[in-house]
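Order of appearance sets the numbers: ligands from 1, and atoms from 1 within every ligand.
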Amino acid sequence: MLNETTDMQAVVCVEPGQLEVQTRPAPARDDGLVQVRVRCIGVCGTDFHIYKGLHPFLEYPRVMGHELSGEVAWAPEGSSLSVGTPVIFNPYLACGSCVACRRGKPNCCTDISVLGVHADGGMCEFVNVPEDALYPADGLTLQQAAMVEFLSIGAHGVRRGRIGKGDSVLVVGAGPIGLGAGLFARIAGARVSFLDISEARIRTAQGIVEGADGFVVGENTLAEIEAATDGDLFHAVIDATGNRRAMEASMAYVCHGGTLIYVSVVKDDITFSDPLFHSREMTLVGSRNATREDFEHVISSIKAGHIPTDAINTHRCSLAEAPTAIPAWLDQQDVLIKAIVEVG
Ligand SMILES: [Zn+2]
Ligand SMILES: [Zn+2]
């Protein structure tokens with residue numbers, strides 16, 4: 001049942017440093033896929049990396065956008081979704097048959113394809129996706145729905161680190177992903193501190209995660225942390241910096257018997273002292289993407305009013321404004337938490 005092709009507007013990253021709105025054919029209706037009218041697109045570090053040409057394996061031109069909400073425009077017969085239903089995208093399309101998928105970990109599928117990275121994404125008017133990549137967003141605004149994906153990354157890190165009631169948690173890197181990790185560590189019952197090179201970002205984070213402590217990176221960071229924790233250090237340290245030196249330094253802040261969770265990724269080797277790692281019997285955990293369980297936890301936390309989404313969504317623009325707004329946002333990283341492009 002294919003429809004006649006109609007045109008749509010798409011923001012295309014033609015090459016690094018060049019964004020433009022182009023008219024493209026909308027995807028044709030496909031019996032195996034749900035067609036979604038995109039409504040909100042969150043812009044994140046990955047998109048800024050693609051724009052700046054810093055993403056390691058990316059082919060241009062590329063339509064960015066993986067933090068998406070929209071409304072079902074068309075669904076194949078037998079679908080449980082009906083036209084007009086608000087939805088959230090899980091942009092990590094997994095193969096369903098590899099060793100990770102077979103063990104219930106589609107977030108680290110060996111053949112993963114991420115919308116807006118490996119394939120054209122959602123900074124446009126219509127996208128076709130498999131039904132199981134869509135979660136109903138009833139009860140959320142379309143802006144809130146577009147924030148679920150990035151918050152799920154932090155929620156997944158907290159779950160991977162088995163963080164719970166009474167734990168002390170240091171989040172290294174107070175950007176959006178670190179903020180998400182801090183919020184969900186607090187929801188899990190932990191006491192949260194942030195460490196960052198920017199005092200402004202720490203203050204912003206403390207405005208979002210109530211009661212959080214903050215440390216500014218300096219010559220005596222370790223001594224300050226020891227003094228603040230009576231020498232105990234932290235039960236769990238979550239790195240959300242994407243910086244090799246910060247990731248290596250994070251190990252020193254983990255207590256004996258504690259856990260270090262690498263949420264951020266860096267295209268580099270990480271080295272550490274084995275005596276430090278072994279004497280503390282440290283648990284080192286990688287955390288990649290998120291699963292349906294994390295998305296559902298984020299959705300229910302937003303519905304329960306535990307996430308200050310209005311304060312997190314600091315910037316907005318329309319699809320037509322995106323080619324000028326996105327480069328301008330690059331210079332506002334101290335005050336920008338989550339920018340959202342709105343369609344229609
Ligand atoms: Zn993102
Ligand atoms: Zn797989």
Side-chain angles (χ1 to χ4, degrees), residues 11 13 38 40-52 54-58 62-70 88-124 127 129-130 132-133 135 143-157 173-184 238 240-242 263-266 286-292 294-295 298-299 302 307 309 312-316 322 325-326 329-330 333 336-342:
V11 176
C13 190
V38 179
C40 290
I41 307 127
V43 179
C44 90
T46 302
D47 302 305
F48 290 121
H49 266 68
I50 293 171
Y51 170 70
K52 289 196 284 188
L54 297 177
H55 204 281
F57 311 109
L58 198 109
R62 177 60 75 229
V63 176
M64 306 187 298
H66 57 274
E67 303 182 1
L68 307 168
S69 70
I88 293 159
F89 290 61
N90 180 335
Y92 322 118
L93 306 181
C95 77
S97 59
C98 75
V99 59
C101 287
R102 291 198 309 269
R103 300 179 76 218
K105 293 172 71 78
N107 58 306
C108 57
C109 169
T110 61
D111 195 25
I112 202 162
S113 174
V114 180
L115 276 181
V117 180
H118 307 102
D120 274 343
M123 207 172 283
C124 59
V127 175
V129 283
D132 63 5
Y135 309 147
Q143 286 78 12
Q144 287 175 325
M147 288 186 248
V148 171
E149 189 271 343
F150 97 85
L151 290 166
S152 298
I153 307 281
H156 187 69
I177 297 294
L179 267 179
L183 278 166
F184 286 93
I238 301 177
T241 61
V263 174
S264 70
V265 56
V266 70
S287 181
R288 185 177 184 197
N289 299 330
T291 64
R292 181 173 198 129
D294 304 306
F295 277 71
V298 173
I299 292 167
I302 294 175
I307 311 292
T309 48
I312 292 172
N313 176 204
T314 51
H315 294 63
R316 291 185 191 187
I326 290 171
W329 290 337
L330 269 174
Q333 297 293 315
L336 184 146
I337 304 175
K338 182 52 60 183
I340 291 181
V341 178
E342 297 175 325

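- Using a 4.5 Å heavy-atom threshold, the side chains of Leu93 and Pro130 count as touching.
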- [ ] Begin with the C-alpha distance, continue with both residues' side-chain angles, and end with the deciding distance and a verdict on side-chain contact (heavy atoms from CB on, under 4.5 Å) for Asp47 and Ile41.
- [x] CA-CA 11 Å; Asp47 302 305; Ile41 307 127; over 6 Å; no
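- Side-chain contact between Met64 and Val341: absent, with no pair of heavy atoms (C-beta onward) separated by less than 4.5 Å.
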Ignoring hydrogens and angles, write down the donor-acceptor pairs under 3.5 Å from the side chains of residues 146-156, residues two or more places apart or on other chains.
residue: Glu149; atom: OE2; partner: Tyr92; partner atom: OH; Å: 2.2
residue: Ser152; atom: OG; partner: Val148; partner atom: O; Å: 2.7
residue: His156; atom: ND1; partner: Asp294; partner atom: OD2; Å: 2.6
residue: His156; atom: NE2; partner: Asn107; partner atom: ND2; Å: 3.3

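- Around the Zn ion (ligand 2), protein N, O or S atoms at less than 2.8 Å comprise Cys95 SG, Cys98 SG, Cys101 SG, Cys109 SG.
- Nearest N, O or S atom of Glu67 to the Zn ion (ligand 1): atom OE2.
- Put simply, the side chain of Phe48 does not reach to within 4.5 Å of the side chain of Leu54, judged on heavy atoms.
- A donor-acceptor pair under 3.5 Å links the side-chain atoms of Arg62 to the main chain of His118, judged by distance alone.
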